[in-house]
Amino acid sequence: MSVSIHPKVPFNENDVVQRLREGDEAAFTHLVETYHGPLIRFALLFVGDRSVAEEVVQDTWMAVLSGLDTFEGRSALKSWIFSILANRAKTRGVREKRTVAFSDLAPADPDGPAVDPDRFASSGGWLAPPTRWDHNTPESQLLHAETLAVAKQALEALPPNQRAVVTLRDVEGLEAAEVCNVLDVSETNQRVLLHRGRAKVRAALERHISKR
């Protein structure tokens, strides 16, 4: 007799994989409730609308269930699910002629420097350092709905490749190596995309805070 999992309680991955293999519906329900929303948002980076994203995510869940016997635990369950989603979403995006070339980042990124060079001295140090994110600064301000909205808007305005990396690293909590695997990018590209994306989000927050 399987023991049900409360959807709000964190689960042990080895335990939940075993339960899924045993056909525990509560384990699968918990998995869907935990990751369905993030998967939808991630799928929308590759496909044109919500209904198509829903189809891709449904295909992903079917693939997760059918592929459980091949899951060896070499990566986190979460990153494995995101990898399956990325492969299916990319295929669907190509079919819709909507592609995101995550691996085609040239050294001379057309976006230019992630941080304005005028903020640095000739020695490489800061002339105009970023605003400190400690007590009563942007980090604490993030608790306010207005600032959260600015951060969300800045994230959504990023180029798709930067948005994908920042979302996986800073929203979904994947490690760098997992993101490289999910998006099929090099460690260097992942690092550059993350740095540029974070810099743009932070710049938007700094502008917002300076107006308060």
Side-chain angles (χ1 to χ4, degrees), residues 1-105 155-156 158 160-187 189-190 193-194:
M1 178 178 174
S2 62
V3 179
S4 62
I5 304 174
H6 192 283
K8 298 301 182 182
V9 178
F11 53 78
N12 175 277
E13 282 199 352
N14 292 332
D15 180 49
V16 79
V17 169
Q18 183 59 38
R19 294 186 185 201
L20 288 169
R21 287 171 174 163
E22 295 172 353
D24 188 333
E25 292 185 8
F28 183 65
T29 297
H30 182 39
L31 204 64
V32 172
E33 290 179 347
T34 301
Y35 296 133
H36 191 77
L39 289 172
I40 291 290
R41 292 189 291 272
F42 189 59
L44 285 169
L45 292 172
F46 302 88
V47 299
D49 59 57
R50 175 89 184 196
S51 63
V52 177
E54 290 278 4
E55 291 178 11
V56 171
V57 174
Q58 292 297 335
D59 288 345
T60 298
W61 287 126
M62 294 299 294
V64 167
L65 290 176
S66 63
L68 279 171
D69 288 340
T70 67
F71 178 66
E72 300 178 350
R74 295 179 180 176
S75 63
L77 178 63
K78 181 177 183 178
S79 64
W80 181 64
I81 295 172
F82 271 88
S83 294
I84 294 174
L85 181 280
N87 289 332
R88 278 158 176 72
K90 288 176 185 177
T91 300
R92 189 63 179 265
V94 169
R95 194 183 310 166
E96 294 188 344
K97 298 182 179 179
R98 177 189 174 96
T99 59
V100 180
F102 291 100
S103 61
D104 292 342
L105 180 67
L155 178 61
E156 292 177 349
L158 294 176
N161 52 6
Q162 294 177 14
R163 186 162 77 251
V165 172
V166 174
T167 297
L168 290 177
R169 287 295 307 276
D170 294 341
V171 180
E172 302 306 332
L174 271 63
E175 298 294 333
E178 294 176 317
V179 174
C180 291
N181 182 56
V182 169
L183 298 179
D184 191 25
V185 297
S186 69
E187 191 278 333
N189 281 357
Q190 185 274 154
L193 290 167
L194 179 66

*Asks:* To the nearest 0.5 Å, how far apart are CZ in Arg19 and CG in Leu31?
*Replies:* 12.5 Å
*Asks:* In the structure I gave you, are the side-chain heavy atoms of Asp59 and Leu85 within less than 4.5 Å of one another anywhere?
*Replies:*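 No. Closest side-chain heavy atoms not under 4.5 Å.
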*Asks:* Tell me the closest heavy-atom pair linking Ala86 and Phe42, and the distance in Å.
*Replies:* CB-CE2, 4.0 Å
*Asks:* Give the minimum heavy-atom separation between Leu183 and Ala164, together with the two atoms involved.
*Replies:* CD1-CB, 4.1 Å
*Asks:* Determine yes or no for a side-chain-to-main-chain donor-acceptor pair under 3.5 angstrom, with Arg21 supplying the side chain and Leu68 the backbone.
*Replies:*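 Side chain of Arg21 to backbone of Leu68, a donor-acceptor pair under 3.5 Å: yes, one is there.
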*Asks:* Compare all side-chain heavy atoms of Glu55 with those of Arg50 and state whether any distance is below 4.5 angstrom.
*Replies:* no
*Asks:* Less than 4.5 Å apart, any side-chain heavy atom of Tyr35 and any of Trp61?
*Replies:* yes
*Asks:* Please report, to 0.1 Å, the donor-acceptor pairs under 3.5 Å made by any side chain of residues 172-179, with sequence neighbours excluded.
*Replies:*
residue : atom : partner : partner atom : Å
Glu178  : OE1  : Glu175  : N            : 2.8
Glu178  : OE2  : Ser79   : OG           : 3.4

*Asks:* Side chains of Phe28 and Val32, heavy atoms from C-beta outward: is any pair under 4.5 Å?
*Replies:*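 Yes, side chains in contact.
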*Asks:* May I ask you to decide if the ring planes of Phe71 and Trp80 are parallel, tilted or perpendicular, using 30° and 60° as cut-offs?
*Replies:* tilted
*Asks:* Between the main-chain N or O of Val56 and the side-chain N or O of Arg88, is there a donor-acceptor pair closer than 3.5 Å?
*Replies:* no
*Asks:* Between Phe46 and Pro160, is there a side-chain heavy-atom distance shorter than 4.5 Å?
*Replies:*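 In short, these two side chains do not touch, never coming nearer than 4.5 Å.
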*Asks:* Kindly indicate whether the side chain of Val185, heavy atoms from C-beta on, has any atom under 4.5 Å from the side chain of Asn161.
*Replies:*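 A side-chain contact is absent here, since even the closest heavy-atom pair is not under 4.5 Å.
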*Asks:* Could you give the distance from CG (Asp184) to CD (Gln190), rounded to the nearest 0.5 Å?
*Replies:*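 Asp184 atom CG to Gln190 atom CD measures 13.0 Å (nearest 0.5 Å).
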